[in-house]
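Taking it in order: structure first as structure tokens, then the write-up.
Every chain is numbered from 1 and lettered A, B, ... according to where its sequence line falls, protein lines coming before strand lines.
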Amino acid sequence: MKWTNTLISTQRDDPQEAEIPSHRLMLRAGLMRKLASGLYTWLPLGLKVLRKVETIVREEMDRAGALEILMPILQPRELWEKSGRWEAMGPIMLRSQTHGGRELALGPTHEEVVTDLVAREISSYRQLPVNLYQINTKFRDEIRPRFGVMRSREFIMKDGYSFDLDEAGADRSYRLMYQAYERIFRRCGLEAMAVEADTGVMGGKESHEFMVPAETGEDAIAVCPACGYAANVEQAAIGAGSSAPERTAEKLEEVATPGLRTVEELSGFFSAPPSRFIKTLIYLAGGKPAAVLIRGDREVNESKLARRLGAAAVLADGETIRAVTGAPLGFAGPVGLTGVEVLADYSVAAVADGITGGNREDLHLRHVNIDRDCPIPEYLDLAIAAAGDRCPSCSGNLAIRRGIEVGHVFKLGTKYSRSLGAVFNDERGEEQPAIMGCYGIGVSRTVAAIIEQHHDEKGIIWPAAVAPYQVLLLALAPDRPEVAAAAEDLTVRLSGRGLDLLYDDRSASAGVKFNDADLIGIPVRLTVGKKFLQTGLVEVKARNSDELHAVPPEEVPDLVERLLGQA
RNA sequence: CGGGGCGUAGCGCAGUCCGGUCCAGCGCGCCUGCUUUGGGAGCAGGAGGUCGGGAGUUCGAAUCUCCCCGCCCCGACCA
């Protein structure tokens, strides 16, 4: 392909709107253009990459035995009501209607449609297991789209769904997908890691996210360098702390704290770090209040709390707080608190000389010795994991890294198969719900993640497997007939090997071409110009190396293939 | 949704505080011609703007006031 015959427009300046490298480079290198917030047009160069990632995904899904289908984006309301998610999805789901007033969802995901399909197509255990997938556009009205295609309103996703006879089969399907995902990301040139994840609105019991470690990632991952434990911080368990510290012997003391409610304000007032405070949060779970104690510098993990309480927990309103503690918001404390379930996080056990609310307006207590003043029978794991916390599976300490979530696999169980009727007759003629799993890959986000992991200050460095072209041929002074002839000769030699080549035939100056070459990041660069006319040697350079090779044209194809093998 | 910032040519920006000297300017890009071609070329000529939109104040508005829209960043109930 000649550069002048395609649409590649690079930009010299960083776009003012882009913050992170992938977003900046995707705009500068001309991979995409923004239409509106969270909405992007893929230009030819970007689309080629997207398609290569799709192809890898497709090949590995097919290899794992999954079957490709294509489902509608528009989905009737009634289907979503069956699963209870017409409401549960809330504002993230975009909705529309026909001129007749029939309400439709713009699919944010496809559990409902696929399960309905299977309900209609499958009736016997003989037809299972089955694993269906598609690569399609998803719509999510993100609260705050950002970072280009990293978090956008409309994006390309591979979503797959497995249906099995029993738990053992579902485990097998899950494992197959997990392994397929490892292969997919490896083939895309990504260093990705699987981490334990929260199941969130999807429901289900087990789940792993595939994370690409990156400073700019939106997710935080807790990892244990000692044993390899890895989990999203939303999910990460924390091991019980070490032995309790020396407690204070000082007497409990009431201190007037007019109008001081937050740990931050009180920390200044008492000249004590937040870690000296025992924060007391009143939650409501299933209509019942619960008091949660946690050290002032830590945060409650509401998923852990919900699991412990057996119901989703939300922070209580002022009225409930007053009813439970006798004080307005800001003055709750564990000492003397009765008539409410009290749950204490591990971190509280480490507070030696604590400060808490006094359960009276404008009053706090200091010199709290938790063992003496309100003994806690059992400390629990209720906090969001933080660096230095004890690993739940060994004696190591957790570290926090940031990552980009490129894939997510769930064991769903029978939530959707029951509500949508995906049942089959087993050998005994008894009706059973299929056991489901679901598996997603953010295809467009994967492209951005690849750039996050493969770039330098000059531009993108594509891994060969996903590069838009494998070879970039630069002709310096392309109007000189000898140069044009050499370029033509090289093009023929390389296309004979099935290599996809981009020929920069623009009559721009050398600097422009070299800089654009670095920016768009094609793995192998060939240069023919004055030096070639003098020596008859073609300059060959890999984007991921500084080494320059000079070889005669007939040796170029072999060298190119060797360099591509290392890209 | 809360807070902050921004909106002037395709891209990056100056001008706005303090209204007139701006029927708006700079760099890059774009078009024509000639020269040039190994790390963002030179000369000459040229095109391109409802200054985000609307209403208002004023003799006069990119600039002041009000309303609206768009975009970006941070945060989202932690007592």
Side-chain angles (χ1 to χ4, degrees), chain A residues 9-20 23-24 27-28 30 33-39 90-91 143-148 218 257 259-267 274 277-284 291-302 305 313-318 320-322 324-325 327-334 345 347 355-359 361-362 364 382-384 458-459 474-480 483 504-519 525-535 537-539 541 548 550:
Chain A
S9 44
T10 58
Q11 295 175 342
R12 188 176 294 199
D13 299 312
D14 275 335
Q16 168 257 316
E17 68 193 51
E19 204 77 1
I20 66 170
H23 188 193
R24 226 166 40 221
L27 292 170
R28 274 193 63 204
R33 291 288 180 255
K34 182 175 74 178
L35 174 63
S37 180
L39 301 173
I143 297 174
R144 180 146 90 88
R146 63 184 127 177
F147 303 150
E218 292 188 274
T257 51
L260 303 175
R261 295 156 192 277
T262 65
V263 168
E264 197 188 359
E265 291 161 1
L266 290 158
S267 173
F277 289 77
I278 301 171
K279 213 157 50 170
T280 306
L281 279 50
I282 309 301
Y283 275 90
L284 273 174
V292 176
L293 310 187
I294 190 163
R295 209 170 66 197
D297 59 333
R298 302 301 301 265
E299 290 177 22
V300 171
N301 181 325
E302 294 184 355
L305 183 60
V314 290
L315 282 167
D317 54 287
T320 308
I321 291 170
R322 193 179 278 278
V324 171
T325 68
L329 183 148
F331 302 98
D345 179 64
S347 59
I355 302 165
T356 76
N359 296 324
E361 185 156 10
D362 299 340
H364 280 79
L382 298 171
I384 294 177
K458 290 179 173 173
L474 294 193
L476 304 180
D479 297 337
R480 304 267 294 259
V483 170
D504 188 349
D505 60 334
R506 295 175 299 172
S507 65
S509 70
V512 169
K513 293 188 175 194
F514 284 124
N515 281 299
D516 274 347
D518 291 337
L519 177 61
R525 186 187 80 192
L526 268 39
T527 309
V528 285
K530 205 188 299 170
K531 283 186 196 165
F532 171 78
L533 298 181
Q534 289 161 358
T535 63
L537 299 178
V538 179
E539 180 191 285
K541 181 186 170 297
L548 293 174

Proximity to the side chain of A:Gln11 - top-ranked nucleotide from B:rC78, B:rC73, B:rC11 | B:rC11

Under 4.5 Å between any side-chain heavy atoms of A:Ile321 and A:Pro328, yes or no?
-> no

Side chain of A:Leu315: nearest nucleotide among B:rG39, B:rC74, B:rC77?
-> B:rC77

From the options B:rC72, B:rC78, B:rG39, select the nucleotide whose nearest atom is closest to the side chain of A:Tyr283.
-> B:rC78

What's the closest nucleotide to the A:Pro478 side chain, out of B:rU37, B:rC74, B:rC78?
-> B:rU37

What nucleic acid atoms does A:Glu299 come within less than 4.0 Å of, heavy atoms only: base, sugar-phosphate, or nothing?
-> base

note: A:Asp479, atom CG; B:rU36, atom P; distance rounded to Å ~ 11 Å

Paired with B:rG70: which nucleotide, if any, by Watson-Crick or G-U wobble criteria at under 3.5 Å for both distances?
-> B:rC6

Select base, sugar-phosphate, or nothing to describe what A:Val292 touches, counting heavy atoms under 4.0 Å on all strands.
-> nothing

Does B:rU21 have a Watson-Crick or wobble partner in any strand here, with both distances under 3.5 angstrom, and which is it?
-> none

Which heavy atom of A:Val528 sits nearest a heavy atom of A:Val483, and at what distance?
-> O-CG1, 4.0 Å

Is there a Watson-Crick or G-U wobble partner for B:rA44 with both distances under 3.5 Å, and which nucleotide is it?
-> B:rU32

Rounded to the Å, how far apart are A:Asp13 CG and B:rC26 P?
-> 17 Å

Grab the NZ-P distance between A:Lys34 and B:rG10 for me, whole Å please.
-> 15 Å

Quote, to the nearest angstrom, the C1' distance that separates B:rG4 from B:rU50.
-> 30 Å

Looking only at atom C1', what distance separates B:rC64 and B:rG20, rounded to whole Å?
-> 14 Å

Between B:rC69 and B:rG54 - P atom distance, rounded Å = 15 Å

Answer yes or no: is there a side-chain heavy-atom contact under 4.5 Å between A:Leu526 and A:Leu474?
-> no

Any donor-acceptor N/O pair under 3.5 Å between B:rG39 base and A:Arg525 side chain = yes

Salt bridge between A:Arg24 and A:Glu19, side-chain N to carboxylate O under 4.0 Å?
-> no

Taking B:rG39, B:rG40, B:rC13 as options, the one with an atom nearest any side-chain atom of A:Gln16 is B:rC13

In whole angstroms, the gap separating C1' of B:rC73 from CG of A:Asp14 amounts to 16 Å

Counting side-chain heavy atoms from CB outward, which of B:rC72, B:rC73, B:rU37 is closest to A:Arg146?
-> B:rC73

Between A:Asp518 and A:Gly459, is there a donor-acceptor pair closer than 3.5 Å when you use the side chain of the first and the backbone of the second?
-> no

Can you tell me how far P of B:rG39 sits from CG of A:Leu548, to the nearest Å?
-> 12 Å

Using a heavy-atom cut-off of under 4.0 Å over every strand shown, decide if A:Arg28 touches base, sugar-phosphate, or nothing.
-> base

When rounded to the nearest Å, what value does the distance between P atoms of B:rC28 and B:rC66 take?
-> 39 Å

5′-ward residue of the pair A:His364/A:Gly511 relative to RNA chain B | A:Gly511

Ignoring hydrogens and angles, tell me if any N or O in the side chain of A:Lys513 forms a donor-acceptor pair with the backbone of A:Ala475 under 3.5 Å.
-> yes

Between the side chains of A:Thr10 and A:Asp516, is a donor N or O closer than 3.5 angstrom to an acceptor N or O?
-> yes

Check the distance between B:rC78's P and A:Leu293's CG and give it to me in whole angstrom.
-> 17 Å

When all nucleic acid strands are considered with a 4.0 Å heavy-atom cut-off, which category describes A:Leu474: base, sugar-phosphate, or nothing?
-> nothing

Think A:Arg12 has a side-chain N or O under 4.0 angstrom from the OP1 or OP2 of B:rG12?
-> no

Does A:Thr262 place a side-chain N or O at less than 4.0 Å from the phosphate oxygens OP1/OP2 of B:rC78?
-> no

Does A:Arg28 pair with A:Asp14 as a salt bridge, N-O distance under 4.0 Å?
-> yes

Nucleotide paired to B:rU63 in any strand shown, Watson-Crick or G-U, under 3.5 Å | none

Any strand: nucleotide that pairs with B:rG12 via Watson-Crick or wobble, under 3.5 Å | B:rC26

What nucleic acid atoms does A:Ile143 come within less than 4.0 Å of, heavy atoms only: base, sugar-phosphate, or nothing?
-> base

Would you mind telling me which of B:rC74, B:rC11, B:rC78 lies closest to the side-chain atoms of A:Val300?
-> B:rC78

So what does A:Thr527 hit on the nucleic acid, given a heavy-atom distance under 4.0 Å: a base, only sugar-phosphate, or nothing?
-> base

Tell me what A:Ser9 touches on the nucleic acid: a base, only sugar-phosphate, or nothing, going by heavy atoms under 4.0 Å.
-> nothing

Which value, in whole Å, describes the distance between the C1' atoms of nucleotides B:rA14 and B:rA24?
-> 11 Å

Tell me whether the OP1 or OP2 atom of B:rU37 has a side-chain N or O from A:Arg480 closer than 4.0 Å.
-> no

Write down the atom of A:Ala313, the atom of A:Leu305, and the distance for their closest heavy-atom approach.
-> CB-CD2, 3.7 Å

If you measure from the C1' atom in B:rG27 to the same atom in B:rG40, how many Å do you get, rounded?
-> 13 Å

For nucleotides B:rC11 and B:rG75, find the distance between their P atoms and express it as a whole number of Å.
-> 28 Å

In whole Å, what separates the C1' atom of B:rC23 from that of B:rG49?
-> 12 Å

Spacing between A:His23 atom NE2 and B:rC11 atom P, to the nearest angstrom = 13 Å

A:Ala18 near the nucleic acid: base, sugar-phosphate alone, or nothing, with a heavy-atom cut-off under 4.0 Å?
-> nothing

Taking only N and O in the side chain of A:Ser509, is any of them less than 4.0 Å away from OP1 or OP2 of B:rA41?
-> yes

Round to the nearest Å and state the distance from A:Phe147 atom CZ to B:rC74 atom C1'.
-> 10 Å

